[in-house]
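Read through the structure below, which is laid out as structure tokens, and then see the notes.
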Amino acid sequence: MERLARLAAAHGVATSYEPAPGTVVDVSEDTVVAVLAALGVDATTPRAVREALALHEQEARRLLPPTVVLRTPSGGGSLPDLPDGTALRVDTDTGRSLDWGRGTVLPLGVHTLRAQAPDGRAAHATLLVVPDRVPAPAGCSGPSGAGGRHVGLLTLLPALLSARSWGIGDLGDLADLASWAGRTLGAGFLQLGPLHAAVPCAPTDPSPYRPSSRRFPDPVHLRVEAVPEFAQLDGSARDRAGTLLARAAALREAVLDKGAFLDRDASWDLKLEALRLMRQVPLGPGRRAAYDDFLAAQGRALEDHATWCALAELHGPDWRAWPAGLDDPRSARTVQARAEHRDRVDLHRWLAWLTDTQLAHAQRAARDAGMAVGLVHDLAIGVHPHGADTWSQQHAFARGMSIGAPPDAFNAHGQDWGLPPWRPDALADSGYGPYREVVAGLLRHAGAVRMDHVMGHFRLWWVPEGRPPTEGAYVRYDAEAMLGALALEAHRAGAAVIGEDLGTVEDGVREELASRGILGTSVLWFERDWAAADERGAGAGATHARETEEDDADHAPPPLPPEAWRADCLATVTTHDLPPTASRLSGGHVALRHGLGLLGGLLGDAEHADAAETEGWLACFRALGLLPEHGPDDGPREAGLPDADAPDAALLAAHRFLARTPARMVGVWLPDTVGDHRPQNVPGTCDAYPNWRLPVSDADGRPVSLETLAATPRVHALFADLRAALAR
């Protein structure tokens, strides 16, 4: 086991983990062997382990590793120790060749480093020259805690329909929402859930966090009528388009007026038929030139994505079950199939272009409306195991592995998210190209990006296929290279980065992210003064996400004072994975979890704990003067405070609390603005709850359209109050 542990450590595989501070659990030998196998390392026998160790020691003596990182201007990074007299030369990505010595200033970019040692050894590596920090959010320049602050909206695009939607919210709605929110509410940003491409075969997985590809957005979000060729339809095609518009109106009416869930597949069927009609309309010279430029810029990545989509339509969504040869994107059989089905492939390339142009329009609308940041896109932590990305980049993903979370104090069974992980060795060998490509694509039309489970830049919990998540292991990534690649692409795009750092976070990670300029995520209910509780002492300002709602609130630490919050964060009251604020304040989320069989104890105990926790927060709001002590008929109250009995009083107080923190960005969950009680997603459920399929609704459960939202007084009142609080 000692040699196996050495081999595991050499490849970044941990042989133990801590489910709770001070508690160490050993990873089973079978798991270690399975994880190493996914990394291309045979450890099945003692002899295999010895040979693998010898090979690793040989590779460690290489003059250069596959990728070298140099940070500027600090000079930090991962340049290895080299023999005295080694000559270094850099071939830059702009075609220049530079001798690299003392005082040489290298440009930011992805270069080739060449080394020639005195003993005759030569080597080359990818050299990433990256900035020390990612850009601050636009309008928030200055050191930590200084500069401007922004308030913005958080939403899931499909959940907010307008009078023109085809059954789900679309990119036309997004542009309209951004323009209204920027001009009328004074919002500085609009954060969305992932818009990644889904597996295009019904029934699709409604979760935006399980996409087919993170490299391209989903054309289901297209506003059909906004495609210029739609207006050029004539004859029978125009007649058919009119029929599709009527059917789309019926889909929209079913959601907004008849209680139907969002139906992504039904919406896409209508849109695809309409788009196929438009496909017959020739592009004008200007649009053809723009389309050709897009194809040239996207290159093989788009060709692969479109090919996968075409083959998935023909052979089903699991490429592992396709006819022989098609499982390899570079095989002669795939080349032949691409040629045979050129029209299908071209359709999906065209759809990617249309979606990109409408996303660009939405970001322009946001910026034109005065939003300093504009759109904030969400990068999911992984992709579907059978999707386009795993097909086209098979070398970069670990086969037979899924990422998740280990057992901890809140979930004794751990979690398996069903998403294959990047192979850290493959990323290094490719100069982190696959990762850089994903980030760059997402930042094409964004002012910032939210990184789902940002801790994955340091380590991920790998679960071998067919085993429970309790039988996983942590695998280490090169955080210097991962964060460097992220900083480079963010710098090129002039975009900020927000890290979703909720949950189990190892020591030093938040500090390292902050030093790189990456904002954290702070959620009101989780910000406790943990240092005040000896047995939990995690340090003031730490964020602890829970997996259950029935913590013992009688013994919970008090709320962290607003002035003790970190400045470099996006602060919110709730998120898409948590109950809306109305449900939390009323206790309705406890009843929901009970009905779904998710409570770990008795309903009465959970209700008692939840009521105590809520009262603790309300008491905090009162003590800070954010919520009146008494009702409207009990005497005078401070000017500007809502009535204690008003339904929005606690919601206003919670957001006023956020305004008192130094957080650079304050986000408002859009469903909270209309009193929605239903969560968009209940972790731990699948078919038992309509996750990701609920429209934004008011306090009475009536779906709210974009037009209704814009005319709702409480929305305007909340933002006016929050802007005033931020200005104090």
Side-chain angles (χ1 to χ4, degrees), residues 13-14 17 19 27 31 34-35 38 156 193-199 204-215 317-318 320 378-390 393 396-408 410-424 427 434-435 438 450-477 482 499-506 509 521 545-548 575-578 596 598 679-689 691-692:
V13 180
Y17 68 97
V27 174
T31 293
V35 171
L156 299 173
L195 301 182
H196 308 316
V199 176
T204 55
D205 189 327
S207 172
Y209 290 94
R210 193 173 162 82
S212 167
S213 173
R214 295 181 294 179
R215 298 193 290 174
D318 186 351
R320 301 175 304 176
D378 195 344
L379 179 61
I381 184 60
V383 293
H384 196 287
H386 311 152
D389 284 0
T390 57
Q393 297 180 318
F397 292 94
R399 288 199 176 192
M401 292 288 147
S402 173
I403 59 175
D408 57 29
F410 307 115
N411 190 332
H413 303 292
Q415 300 174 58
D416 184 344
W417 302 333
L419 307 169
W422 292 118
R423 280 184 57 162
L427 289 177
Y435 177 64
V438 167
R450 172 192 180 270
M451 309 297 296
D452 185 35
H453 195 74
V454 71
M455 296 83 76
H457 289 79
F458 296 81
R459 65 177 184 178
L460 282 171
W461 183 255
W462 287 24
V463 181
E465 186 176 7
R467 300 186 187 181
T470 52
E471 297 182 19
Y474 274 118
V475 175
R476 181 70 57 182
Y477 290 77
M482 294 285 285
E500 188 268 308
D501 56 352
L502 303 175
T504 301
V505 185
E506 62 181 322
V509 165
T521 300
R546 302 168 304 173
E547 299 299 337
T548 65
T575 75
H576 61 264
D577 278 335
L578 296 172
L596 294 171
L598 297 177
Q680 284 288 323
N681 178 49
V682 179
T685 63
C686 185
D687 296 332
Y689 186 81
N691 294 318
W692 316 111

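Since we're looking at a predicted model, the values are computed, not measured.
L379 pairs with exactly one of H453, R450, H196 by the side chain to side chain contact (heavy atoms under 4.5 Å, CB included) rule, that one being H196.
Taking each heavy atom of P434 and A396 in turn, the nearest pair found is CG-CB, 4.3 Å. For G684 against L598, the heavy-atom pair with the smallest separation is O-CD2, 4.0 Å. Smallest separation of non-hydrogen atoms from H457 and Y477: O-CB, 3.7 Å. Nearest approach of P407 to A412, heavy atoms of both residues: CB-O, 3.4 Å. Heavy-atom minimum distance, P211 versus A197: CB-O, 3.3 Å. Among all heavy-atom pairs drawn from A473 and A14, the shortest one is CB-O, 3.8 Å.
N691 and S207 share no donor-acceptor pair across their side chains, judged by distance under 3.5 Å alone.
Interatomic distance, CZ of R459 versus OG1 of T504, reported as 8.0 Å (0.5 Å rounding). Between the CD1 atom of I381 and the CD1 atom of I403 there is a distance of 5.0 Å, given to the nearest 0.5 Å.
Taking the six-membered ring where the residue is Trp, H576 and W692 present tilted rings, their angle falling between 30° and 60°.
For R476, the CZ atom sits in a packed shell: over 12 heavy atoms of surrounding residues, nucleotides or ligands are nearer than 6.0 Å. For E506, the CD atom counts as densely surrounded, since its 6.0 Å shell holds more than 12 non-hydrogen atoms of other residues, nucleotides or ligands.
Here the side chains of Q393 and R215 are in contact, with some heavy-atom distance below 4.5 Å. Here the side chains of V199 and H386 are not in contact, with every heavy-atom distance at 4.5 Å or above.
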